[in-house]
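Remember, it's 1-based here, ligands and their atoms both numbered in the order they're listed. Every value quoted in this text rests on a predicted model; they were computed, and no experiment measured them. Computed from heavy atoms alone, side chains included, the values below leave out hydrogens, waters and symmetry copies.
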Amino acid sequence: MKPANPVFASLGTTIFTVMSALANEHGAINLGQGFPDDEGPADIREAAAKAILDGPNQYPPMMGLPALREAVGEANRRFYGLDVDWQKEVMVTSGATEALHDSITALLQPGDEAILIEPCYDSYRPVIEAAGATVKAVSLQPPHWSLPVEALEAAFSDRTKLIVLNTPMNPIGKVFTREELTAIAGLLEKYDAYAVCDEVYEHLVFSGHEHIPLMTLPGMRERCVRIGSAGKTFSLTGWKIGYVTAPAALMEVIAKTHQFVTFTTAPGLQSAIAYGLGKDDDYFAGLAGALEAKRDILSKGLAEAGFEVLPADGTYFVTADFRPLGFNGTDEEFCRAITEQAKVAAVPMSAFYSNDSGDAPTHLARFCFCKQDGILTEASKRLADWAKARAA
Ligand code: PMP
Ligand code: GLN
């Protein structure tokens, strides 16, 4: 039999599914895969229920419901001062994952190079490689995770078509600074390249930090594709509603990939998210504030259990060094051990790195804190008890 496409045939199941399955098997608290453990805002769910009952429920327009595209255009203006023509520059997708796929495949062709900043979300690389392009990875290193601008420039070449930029950044909770973004913008102009900006955590940014879309920097309006996710902004990860903002010329091509991937997305959910994006500023500030409090609960609990906890300035995640607990194995071994023995699941940091550079840290675990306070306290307690029992 002829082999299937090696890009996909050689892949394992994503680490999120693996750790969630292990958590279920062992009855562990699942702080692995990133999803909130509440049901999301009741008014948005009611809006969806009503829209589904009232209809229409047949294929909505390929680019997305006008109401949602208009709301995305308006959110660009309201939060970032971006002037967007929603009719030509906004498209709705089935989750940010689809938006990433559509954007990357619309831009790349065989022979191109694409730059990734690791650690990164696991969907980027296979999509780039399936398009016949080559990944050039630049890695960030703990504890500061600062952008190595020289190494980044070394990854650029005349063949560089795009960089994927994720800010706020999963898994490390980094929010790129204006200075870092300016350095990236300079390289994009110098090498005539694009940025696919994964900004799904745009509203999950904590005190003292600001989310700056690369698209707002001088010269970047025409080079950036900006991707958002209702899953994160409204704590409705299962809905899989994403949205893309891109200059009209790029959007035309991205829409061509979308038309053959999903073509469109459930209209009732789109209409509820259009309503959600219109919520007042208190909603967005409240979301970030509530998550920040959860970050603090889990960070404190992990520190008390003996971890060295790294800062998390945004996202759902905090990373922690487990070596102070006296655990000398790898991060994969650690995450397996705590899931099976302490009954708390986390995700190993090395899963977010490729093996290209061989410099993936193996002493960090990523913990998800968008859970009820009592769950975070209980998870911390279980980890502290486990660490104590091991030390005894
Ligand atoms: N990008 C990043 C960095 C993510 O963490 C996620 C989370 N799942 C996604 C994209 C995908 O978002 P969606 O669920 O909307 O497809
Ligand atoms: N983005 C989520 C995380 O990092 C998971 C998404 C998924 O399961 N594909 O945990």
query = In terms of heavy-atom contacts, does CG of Asn328 have more than 12 from other residues, nucleotides or ligands at under 6.0 Å?
reply = no
Honestly, for Lys240 the part within reach of ligand 1 (heavy atoms, under 4.0 Å) is side chain
Item to complete: Would you mind checking if Glu378 and Arg382 are paired as a salt bridge, meaning a charged N to carboxylate O distance below 4.0 Å?
Response: yes
Atom CD of residue position Glu70 - does it have more than 12 heavy atoms of other residues, nucleotides or ligands inside 6.0 Å? yes
Filtering Ala230, Ser229, Gly242, Gly231 for the heavy atom nearest atom 15 (O) of ligand 1 leaves Ser229
Exercise. Considering residues, nucleotides and ligands other than Arg336, do more than 12 of their heavy atoms fall under 6.0 Å from its CZ?
Worked result: no
One finds that the ligand 1 atoms under 4.0 Å from a non-hydrogen atom of Asn166 are 3 (C)
Decide, yes or no, whether a salt bridge links Glu202 with Lys232 under the criterion of side-chain N to carboxylate O below 4.0 Å. no
Note: heavy atom closest to atom 6 (C) of ligand 2, options Tyr316, Tyr121, Phe35, Phe317, belongs to Tyr121
Point to revise | Output field: ring centroids Phe35/Tyr316 closer than 6.0 Å | key: no
Any heavy atom of Met19 under 4.0 Å from ligand 2? The part involved is neither
Asn170 heavy atoms within 4.0 Å reach ligand 1 at atoms 3 (C), 4 (C), 5 (O)
among protein heavy atoms, the one nearest atom 1 (N) of ligand 1 is Asp198 OD2, 2.5 Å
Q. Can the ring centroids of Phe334 and Trp386 be said to lie less than 6.0 angstrom from one another?
A. yes
Exercise for review: Taking the six-membered ring for Trp and the full ring for Phe, Tyr or His, determine whether the centres of His211 and Phe176 are under 6.0 Å apart.
Suggested key: no
**Prompt:** Counting distance only, does the side-chain N/O of Asp198 pair as donor-acceptor with the main-chain N or O of Leu165 below 3.5 Å?
**Reply:** no
Closest to atom 7 (C) of ligand 1 among protein heavy atoms sits Lys232 NZ, 2.6 Å
Margin query: Below 4.0 Å from ligand 2: does a non-hydrogen atom of Asn170 turn up there or not?
Written below: yes
Ligand 1 atoms nearer than 4.0 angstrom to some heavy atom of Gly95 are 15 (O), 16 (O)
Closest to atom 8 (O) of ligand 2 among protein heavy atoms sits Gln33 NE2, 2.7 Å
So for Glu98 against ligand 1, with non-hydrogen atoms under 4.0 Å, the contacting part is neither
Item checked: Working for side chain to side chain contact (heavy atoms under 4.5 Å, CB included), residues Gln270 and Ile241 -> CA-CA 7 Å; Gln270 290 193 54; Ile241 304 278; 4.2 Å; yes
shortest atom 11 (C) of ligand 1-to-protein heavy-atom contact is with Thr97 OG1, 3.2 Å
Is the closest N or O pair between Tyr201 and ligand 1 shorter than 3.5 Å? yes
I want to know if ligand 1 touches Thr237 in the polar sense, i.e. an N/O pair below 3.5 angstrom. no
Atom 7 (C) of ligand 2: closest protein heavy atom, distance to 0.1 Å, is Phe16 CD1, 3.7 Å
Atom 12 (O) of ligand 1: closest protein heavy atom, distance to 0.1 Å, is Ala96 CB, 3.5 Å
for atom 2 (C) of ligand 2, nearest protein heavy atom and its distance come out as Gly34 N, 4.0 Å
Taken to the nearest 0.5 Å, the spacing of Phe352 CZ from Arg366 CZ works out to 4.0 Å
inquiry  = Looking at ligand 1, would Tyr316 count as a contact under a 4.0 Å heavy-atom criterion?
reply    = no
Item to check | Basic-acidic side-chain contact under 4.0 Å: Lys294, Asp373 | outcome: yes
- Within-cut-off N or O pair, Tyr124 and ligand 1, under 3.5 Å: no
Note: Val200, heavy atoms under 4.0 Å from ligand 1, region reported as side chain
Can you check whether Leu325 reaches Phe307 side chain to side chain, under 4.5 Å on heavy atoms? yes
